[in-house]
Amino acid sequence: MDEVKQRIEELRSILRESNRRYYVDNAPSMSDMEYDFLMHELEALEEAHPEYASPDSPSRRVGSDIDVPFGANAEARTGGEFVKREHRYPMLSLANTYNIGEIEDFVSRADKALDIPFSYCCELKFDGTAICLTYSGGRLVRALTRGDGVRGDDVTENVLRIGNIPHRLQGDFPEDLEIRGEILMPYASFDALNREREENGETLFANPRNAASGSLKLSDPQEVGRRGLWCTLYHIPAQSVAFDTHSEALDKAASWGLPVSEHRRLCKNTGEIKEFIDHWDKARRDLPYATDGIVIKINELSAQRSLGYTAKSPRWAVAYKFKAEEVCTELLSIDYQVGRTGAVTPVANLSPVQLGGTTVKRATLVNSDQMAALDIRVGDFVFVEKGGEIIPKITGVKLSLRPEWALPAAFPSLCPDCGTPLVKQEGEAKWFCPNQDGCPPQIKGRIVHFMGRRAMNILAGEATADQFYEAGLVRTPADLYDINKYQLLCLEGWQERAADRFLSSLSATKDVPFERVLFALGIRFVGESTARDIARHFGSMDAIASASREDLLDVPEVGEVIAGSVYDYMHDENSLKEISRLRDKGLRFSAEAPAAAASERLKGKTVVISGNFSISRDAMRELIVANGGKCSLALSGSTSFLLAGTKPGPEKLRKCGQLGIPVLSEQEFRNLVGASPAEDEEPQLNLF
């Protein structure tokens, strides 16, 4: 495979998974800086190689919190999903940088593009979860999360319980007002919440941002009110107000009783912007809430309208991200943790130290290569960084404080849990325990993954998985279905009501769609979206099991690594036994038939789609597959035709001309397959 294409696929996969961990699980897997550097690499590769461009690339999409009310660091919610509603104006993300030189470039571009006098409004960048408030007649009528930028979750009932958000405006407010900002959890509220959770034996939140996001999506509005959330507002869409400047709009919002940050300054040039950045890089440590940078906005709204937007961010604003905070503390010991996939991760136990508003006791050492590069030793005083308010990591050693007795830390050659010799695949950075069927943390990790909300949604967690394992009840997910009520009641802490709820949730898994069952199996590299794509492409587990590696590569966004992992799983004897047992328990191993009547009118044809349609893109892909065709994201000599909706990608159209690939409109396509337009669906807005 082309090395550039392979790297693009790898980056997209990493960034999608990072987005899921950040927005869905509220459990970030990398620092903001690491994420941004990978995103910039992807953007550069896509710009240099437009033939590999994709409208579904993370570089062209806003990270989404839709349908994800809780995750690894939040509580389960009952009572159904939040209602999804469209934003009146797209709610996009900001371009960001860690380099003051790029701020200078932003200023230079604005100077060249604008022929009117303008200034800059510099504000704090708050580390919370985005919110959009709508007032009608002065009354708060709607509150939406950012969602995917087009639609968000309606959390109005919860937002009404946040103390500093007014239910009614005062003064000369407009009849209709939309204003946006951030929901925060101050450090004091965060510490109190985690103390309470620790006393109750519950999982602690990783940081204030995750706590705010998880709390906003609770089912009980009264509990939301108890969490001590706070709101600060910073943007009124320029399309919706008649003010001349952004700062004037915020001043008026404050006069209406809205919580607007007072920490902002009008700047005329780069020098003044730098002064503001330098001041808050130090002063932010005294704030009662988390902030991770400075936002620089063109202040004049006419200039904002003139500059406009890219697919995912405004051209009139940029965020400067602060470098991660760093402290020095003693390394007391090193643990080696085995994950669900068998990867062994070294974790440092530290002398407790304050960092980023929380007490840090542990930090990741990433892998054996990183340990060797740092020459890490127990007893060292190490520099700890907490970029992006996630799990801290060690970035260096203060050699001047190294004790004479300190010896280099030796990465284990045997699994710390089961004693199996560790292996390291070519091209891999991590060591793995290959004893996947006998290593306790791997077994329990797969059980936890299978029971997870976005997998089978069984009412149980890590503590239950540990209990089942120690009692000898469960070794594979299929074993869960052999547990009876009597066995549960014999376990410590189980009462009849809890047992009934668990068994009821277990029974409900028989209605879980095939794509989620496939995800629940925990095949390496197969995340939620990839499982959905594979399930919809093949339609059944039998079809996947009989697919060749080449067949698997026909699935959009599936590259060599994922195809190899799926193929190996489907040819593993133990995996096939597990699938057979789960099938016997009544789980779904085939997709429901699509609503469209199946035909073979597209048999042997490969179709690429681009633009907006009268139905969603997923529905259009299903229609193609239902009529015997295959979907692909990239144009090539094997492409049968491009299905172009409104506003198709110009690069795709240009390449079609070069390769002589036919271009069909939606109506021409429907005539070809004999399908009528969906009358009850509105056109999909494509911002990406």
Side-chain angles (χ1 to χ4, degrees), residues 1-13 15-16 39-62 309-313 529-530 533 536-537 550-560 562-563 601-625 627-673 683-688:
M1 177 186 284
D2 184 289
E3 290 184 5
V4 172
K5 183 179 180 181
Q6 185 170 358
R7 179 57 176 165
I8 287 175
E9 285 188 355
E10 181 182 18
L11 288 169
R12 288 172 178 168
S13 177
L15 292 170
R16 286 193 188 95
M39 179 64 78
H40 292 161
E41 181 185 354
L42 175 61
E43 290 170 342
L45 286 173
E46 289 178 336
E47 184 177 355
H49 300 274
E51 66 272 22
Y52 299 139
S54 167
D56 295 323
S57 172
S59 66
R60 297 181 60 80
R61 298 182 69 89
V62 175
Y309 300 81
T310 68
K312 61 182 291 188
S313 59
S529 62
T530 303
D533 291 342
R536 293 181 180 181
H537 183 88
E550 290 71 26
D551 292 334
L552 290 162
L553 288 170
D554 286 339
V555 181
E557 301 300 321
V558 169
E560 297 279 0
I562 295 175
R601 294 175 183 174
L602 298 180
K603 185 176 181 180
K605 296 187 182 298
T606 300
V607 184
V608 174
I609 68 173
S610 181
N612 309 317
F613 302 92
S614 62
I615 58 177
S616 69
R617 289 191 178 194
D618 280 344
M620 187 61 78
R621 291 189 183 102
E622 289 175 1
L623 189 57
I624 293 168
V625 173
N627 285 276
K630 292 183 179 180
C631 296
S632 176
L633 290 179
L635 291 165
S636 68
S638 63
T639 302
S640 304
F641 62 86
L642 174 73
L643 172 53
T646 59
K647 298 183 179 179
E651 192 59 40
K652 276 191 168 65
L653 293 176
R654 183 186 64 79
K655 190 169 183 180
C656 282
Q658 291 178 341
L659 298 176
I661 297 171
V663 178
L664 272 65
S665 68
E666 179 176 354
Q667 188 56 56
E668 289 171 328
F669 170 77
R670 289 185 177 277
N671 292 339
L672 176 64
V673 299
Q684 302 293 306
L685 178 58
N686 174 31
L687 294 173
F688 314 116

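Not measured: the values here are computed from a predicted model.
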Spacing of [X] atom [atom1] and [Y] atom [atom2] [to the nearest 0.5 Å]:
| X | Y | atom1 | atom2 | value |
| --- | --- | --- | --- | --- |
| Leu553 | Ile562 | CG | CD1 | 10.0 Å |
| Ser640 | Ile624 | OG | CD1 | 10.5 Å |
| Leu643 | Arg670 | CG | CZ | 9.0 Å |
| Glu51 | Leu659 | CD | CG | 10.5 Å |
| Ile8 | His49 | CD1 | NE2 | 6.5 Å |

Step-by-step side chain to side chain contact (heavy atoms under 4.5 Å, CB included) determination, His537 to Asp554: CA-CA 9 Å; His537 183 88; Asp554 286 339; 4.1 Å; yes

Side chain to side chain contact (heavy atoms under 4.5 Å, CB included) evaluation trace for Phe641 with Lys605: CA-CA 8 Å; Phe641 62 86; Lys605 296 187 182 298; 4.2 Å; yes

Qualifying residue for side-chain contact (heavy atoms from CB on, under 4.5 Å) with Tyr52, from Lys5, Arg7, Glu46: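 That would be Lys5; it is the only one of Lys5, Arg7, Glu46 passing the side-chain contact (heavy atoms from CB on, under 4.5 Å) with Tyr52.
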
Criterion side chain to side chain contact (heavy atoms under 4.5 Å, CB included) on Glu9 and Glu560, from CA distance to verdict: CA-CA 9 Å; Glu9 285 188 355; Glu560 297 279 0; over 6 Å; no

Val558 to Leu552 - nearest heavy-atom pair and separation: CG1-O, 3.4 Å

Heavy-atom pair of closest approach, residues Leu642 and Ser610: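 Looking at all heavy atoms of both residues, the shortest contact is CD1-CB, 4.1 Å.
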
Glu47 atom CD: more than 12 heavy-atom contacts under 6.0 Å: no

Heavy-atom side-chain contact between [X] and [Y] under 4.5 Å:
| X | Y | result |
| --- | --- | --- |
| Leu11 | Glu41 | yes |
| Phe669 | Leu602 | yes |
| Val625 | Arg536 | no |

Verdict with reasoning, Leu672 to Arg601, per side chain to side chain contact (heavy atoms under 4.5 Å, CB included): CA-CA 8 Å; Leu672 176 64; Arg601 294 175 183 174; 5.6 Å; no

